[in-house]
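Report on the structure given below.
In each ligand, atom 1 is the first atom listed, and ligand 1 is the first ligand listed.
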Amino acid sequence: MCGIFGCVLKQGKAAPLIHAALKRLEYRGYDSVGEITIYDGKLHMKKDQGKIDEVHKIHDLDDLPGSIGFGHTRWATHGAPLQINAHPHIDCKGEIAVIHNGIIENFAELKKELEKNGHNFKSKTDTEIIPHLIEEIWDKNPSLNLIEAVHQAVKRLDGSYAIAVFSTKEPDKIICARNESPLIIGVGEDGIYFASDIPAFLPLTNKAVIIENGELVIISEKGYEIRKIADFKLVTREPKIIDWNPEMAKKEGYPHFMLKEIYEQPERLRDSLRLQEHYLDLLATFLDRGTEIFLVAAGTSYHACLAASYIFSKLAFLTSYPIIASEFISQQGKSIGINSTILVVSQSGETSDTLAAVEYARQKAATILALTNVINSTLTRISRVYIDQLSGPEIGVAATKTFTSQVSILTQLAIRLAKKRGKVSQDEMDLLAEKIEDIPNAVEKIINTKAEKVKQIAKKYKDSKTFFFLGRGISTATAYEGRLKLMEIAYIPSIAFPAGESKHGPISLVEPGFPVVFVCPMDGTHKTIIGNIMEMKARGASIITIIEEGDEEIKQLADDYIEVPKGFPEVLSPIPFIIPLQLLAYYIAVERNLDPDKPRNLAKSVTVK
Ligand code: M6R
């Protein structure tokens, strides 16, 4: 996830506006920054690694000439956060510049083709293929104009993108295009703007035009023109007036970052399906070779590991041990050695307990693999191979979008592993591949159709003193995560455990009205969990269930239920089933007048032991 902004002004300097807008976009990415303008027939560019303020101190980002330009704040996906990989990227002749938010899936093929035709690449990014592709198309057909060359180029791109392009050969316009990454046009008195989100241009204008997937926009001093990428047909769309206050603007109109990040999940899950195959394959190869596999993490990332241990076993017949990072050394320390493989999961890549476990295992010559959201974090520097979870920065202290992305990626890893180990039939594999593609839409549906119902349930239970969260099988991980969300932001002491454990102790707490949340996918655990619901019901518990659509049997037993789309394989269930629980925690916290973004005593990244 990165942030883009640009403008074509009627007069005045673009650079200070770009710099200020990038500051407002910094939450989308902050490992490198770049700006470019056209003036006097030449490109003028400044870019470097580091946060905007750091780069500004060295390069003065306000000091570029010209009234047309754009800028980019980066959250690395392809290529480390280095100056060379910072956007903008330019073609061989230094005439075409591009910024991009998203992931070009077919960049490797295109790069090979362009290199064969003599193009010289400087970075490791997927984005750099775009200016070279436009250059190639334009060189071959010099009669084309910039719009036509860009149009032909975007037709060859697979993946997600919001891009902006300009050229010194037609210095009066910027061409933008969108597929699955956000792009909004701002229509002002003094010029036309574009950005990844509305707050970037809100101090300049409150008139916004949302660009849809598959559209291309031509921006000039005169205005904006939208065209369909497929057939170049003109689209007419009037600006909308945005009436957000500055505080709402930072959160794109959401009252809290946590809610914004919950709503972002469909987009982030789509990104999680755009992993670079060779990294997945490499990780799968190391896991396949390992004699003993440990999945090490803390908090929410540990819950993703717990889910992964079920998934690895079910799909790839691989035994793995999920271990809480702070316990790893005392629990497993003596037995770790050259044959141990440690898959470390950490959103921040900086959690102190997790890094201590990694450092210890490294000393013992274990193989360290990692899944993290922050490229260039300590974890990426000390692991043998890592994969980027592509969630974009998460600001809410309670992890939401990073959990679902982690589970999605760990499932894809399990599928690769199963293939390698010949454990799953082709039909099963095809079904999984198809269903995993459907997950972002299912999550979108849950968020859009169930939030109101969850809010009502939250009102009903907001004063409860304790909750149980129960699941069986892989849903145990979902139950643990649902409980952590409620506890950390709503301060309600809650207990989660595999439902089969109830009779071994915890059921003694249950009395009439005691809320018990059951996670009930229609998998192999369905029949048994009905028994667990019955035993709680018999003691007067209030039963709240997360069920699949049309699960009439459990619906009849529940005091309250939330349905999620049906038909997802068991291994994918934590993703749709956690969404109502994230919303439940959020709305209960709000009902209790608590700020879900700033839970007391907690920090986003725990860098002390
Ligand atoms: O950055 P990490 O994934 O290593 O962080 C681990 C935990 O600190 C984190 O998940 C924490 O539990 C969150 N507050 C959960 O919402």
* **For the student: nearest non-hydrogen atoms of Q265 and T400, plus distance** =>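 Taking Q265 first and T400 second, the nearest heavy atoms are OE1-O, 3.3 Å.
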Where ligand 1 meets [X] - atom numbers and elements under 4.0 angstrom, heavy-atom basis:
{"X": "S348", "value": "1 (O), 2 (P), 4 (O)"}
{"X": "A398", "value": "16 (O)"}
{"X": "S301", "value": "2 (P), 3 (O), 10 (O)"}
{"X": "K485", "value": "15 (C), 16 (O)"}
{"X": "E488", "value": "13 (C), 14 (N), 15 (C), 16 (O)"}

* Mind checking whether E350 has a heavy atom under 4.0 Å from ligand 1? ->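 No.
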Does either side chain, that of [X] or that of [Y], offer a donor lying less than 3.5 Å from an acceptor on the other one?
{"X": "S272", "Y": "S405", "value": "no"}
{"X": "D353", "Y": "T351", "value": "no"}
{"X": "Q406", "Y": "S301", "value": "yes"}

* Do any N or O atoms from the side chain of T372 and from the backbone of Q347 form a donor-acceptor pair under 3.5 angstrom? ->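 It does hold such a pair.
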* Asked: Got a donor-acceptor contact below 3.5 angstrom from the E548 side chain to the M522 backbone?
  -> yes
* For the pair K485 and T300, evaluate side-chain hydrogen bond (donor to acceptor under 3.5 Å, both in side chains) and give the outcome as yes or no after the intermediate values. => CA-CA 9 Å; K485 290 294 84 96; T300 290; 3.0 Å; yes
For the 3.5 Å polar cut-off, considering only N or O atoms, please tell me whether [X] and ligand 1 meet it.
{"X": "V345", "result": "no"}
{"X": "V397", "result": "yes"}
{"X": "T354", "result": "no"}
{"X": "Q406", "result": "no"}

So which heavy atom in the protein is nearest [atom], and how far is it from that ligand atom?
{"atom": "atom 6 (C) of ligand 1", "answer": "A298 O, 3.3 Å"}
{"atom": "atom 8 (O) of ligand 1", "answer": "V606 CG2, 3.9 Å"}
{"atom": "atom 12 (O) of ligand 1", "answer": "G299 CA, 3.3 Å"}
{"atom": "atom 5 (O) of ligand 1", "answer": "T351 OG1, 3.4 Å"}

* To do: Go through N373 and R268 one step at a time and tell me if the side-chain hydrogen bond (donor to acceptor under 3.5 Å, both in side chains) criterion holds.
  => CA-CA 12 Å; N373 196 28; R268 299 286 79 83; over 6 Å; no
* Report the member of T300, I489, V344 with the shortest heavy-atom distance to atom 11 (C) of ligand 1. => T300
* Would you call E267-R270 a salt bridge at under 4.0 Å N-O? -> no
* How about K51: does its NZ atom have over 12 heavy atoms from other parts shown lying under 6.0 Å from it? ->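 No, because the 6.0 Å sphere around NZ of K51 holds 12 heavy atoms or fewer from other groups.
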